[in-house]
Amino acid sequence: MSVSNISAVTKTSSTAGVSGRCRVYGIYFVNTATASSFSLKDGSSGSGTAQITINTPAVAGAQEITIPDEGILFSSGVFIDLADAEVLAVTVLFAGGAAA
């Protein structure tokens, strides 16, 4: 059980999702029927280090990912980097930081 308040932010293009130090506890995404991918990078730009990369299935729909234990630490914020238009939206569930 988390002792922090969990916040959520949804983005539909490559952009900063969370500013400041935070932990990501979950990811929800919607994709088309064409396989693709997206990454969550540490920092406020696409040049940050990818902390997690998700390959989407070649089936239209939505998926959710729960990150166990203490989540993934992003020391400088979360940049959502979509590979292409096949990823329609990404929602990040996080504690700490602030939605960008």
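One distance of note links CG of L73 with SG of C22; it measures 7.5 Å at 0.5 Å rounding. The distance from atom CZ of F74 to atom CZ of R23, rounded to the nearest 0.5 Å, is 10.5 Å. Here D81 contributes atom CG and K41 contributes atom NZ; the two are 4.0 Å apart, rounded to the nearest 0.5 Å. Considering CG of L88 and OG1 of T32, their distance stands at 6.0 Å, rounded to 0.5 Å. A distance of 10.0 Å separates CD in E64 from CZ in F29, rounded to the nearest 0.5 Å. Rounded to the nearest 0.5 angstrom, I65 CD1 and L40 CG are separated by 8.5 Å.
Note on I72: it clusters hydrophobically with V92, by side-chain heavy-atom contacts below 4.5 Å among ILVMFWY residues. In the hydrophobic cluster analysis, where Ile, Leu, Val, Met, Phe, Trp and Tyr join through side-chain heavy atoms closer than 4.5 angstrom, F38 is grouped apart from Y28. Follow the hydrophobic side-chain contacts under 4.5 Å out from I80 and you never reach I6; the two are in separate clusters. In this structure, V90 is a member of the same hydrophobic cluster as I52, with clusters built from ILVMFWY side-chain heavy atoms closer than 4.5 Å. Following chains of ILVMFWY side-chain contacts shorter than 4.5 Å, one cannot reach L93 starting from V78, and the two form parts of different hydrophobic clusters.
In this structure the side chain of Q63 never reaches within 4.5 angstrom of the side chain of I27, judged on heavy atoms.
With hydrogens and angles ignored, the 3.5 Å screen pairs a side-chain donor or acceptor of T56 with a backbone N or O of S36. Side-chain atoms of K11 come within 3.5 Å of backbone atoms of A100 as a donor-acceptor pair (strictly under, hydrogens ignored). A donor-acceptor contact shorter than 3.5 Å is absent between the side chain of N55 and the backbone of A35. No side-chain donor-acceptor contact under 3.5 Å links S19 to the backbone of G77. Between the side chain of D42 and the backbone N or O of T49, no donor-acceptor pair lies under 3.5 Å.
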- side chain to side chain donor-acceptor pair (under 3.5 Å) assessment of S13 paired with T15: CA-CA 6 Å; S13 63; T15 188; 5.5 Å; no

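Residues passing the ring-ring contact (aromatic ring centres under 6.0 Å, His included) test with F79: none are found, sequence neighbours excluded.
For the pair V87 and S37, the tightest heavy-atom approach, listed with the atom from each and the gap, is CG2-O, 3.8 Å. Scanning both residues, A95 and Y25, for their nearest heavy atoms gives CB-CE1, 3.6 Å.
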